[in-house]
Amino acid sequence: MAQTWKVTVKSPWRKFAKGLTVQVVGTGTNKPTSAQIFEAFEQQLGIKKENGANPSFDIVKA
């Protein structure tokens, strides 16, 4: 069963401003992986992941 997650940036990092939000649809009940999250940011907002540290996210069921 598909599960939708709301992913919000908690701490800003480079192009990822605090409060940016995307939706990630997964096939299971586990929270989305960082790869799925960054893919969603690229597809929905056009923001590509850069090398280095990652922003922290708040992940909740939508």
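Just the heavy atoms: all of them, side chains too, but no hydrogens, waters or symmetry mates, feed the values below. For the single chain, residues carry numbers from 1 onward in sequence order.
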Validation row: [X], [Y] side chains within 4.5 angstrom (heavy atoms):
| X | Y | value |
| --- | --- | --- |
| V9 | F41 | yes |
| F38 | P32 | no |
| L45 | L20 | yes |
| W5 | K61 | yes |
| N54 | F16 | no |

Does the Q44 side chain pair with the main chain of Q23, one donor and one acceptor, at a distance under 3.5 Å? yes
Any donor-acceptor pair under 3.5 Å from T4 side chain to A2 backbone: no
Quick check: closest heavy atoms across Q3 and G28, and the distance to 0.1 Å?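 Distance-wise, the nearest heavy atoms are CB-O, 3.3 Å.
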What pair of heavy atoms forms the shortest contact from P55 to S11, and how long is it?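 Here P55 and S11 meet closest at CB-O, 3.5 Å.
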Please answer: with hydrophobic residues joined when any side-chain heavy atoms are less than 4.5 Å apart, are F57 and V25 in the same cluster? no
Nearest 0.5 angstrom please: [X] [atom1] to [Y] [atom2], how far?
| X | Y | atom1 | atom2 | value |
| --- | --- | --- | --- | --- |
| W13 | E50 | CH2 | CD | 5.5 Å |
| K49 | R14 | NZ | CZ | 9.0 Å |
| Q36 | T27 | CD | OG1 | 7.5 Å |

side-chain contact (heavy atoms from CB on, under 4.5 Å) partner of I59, chosen from K10, K6, K31: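 The passing option is K31.
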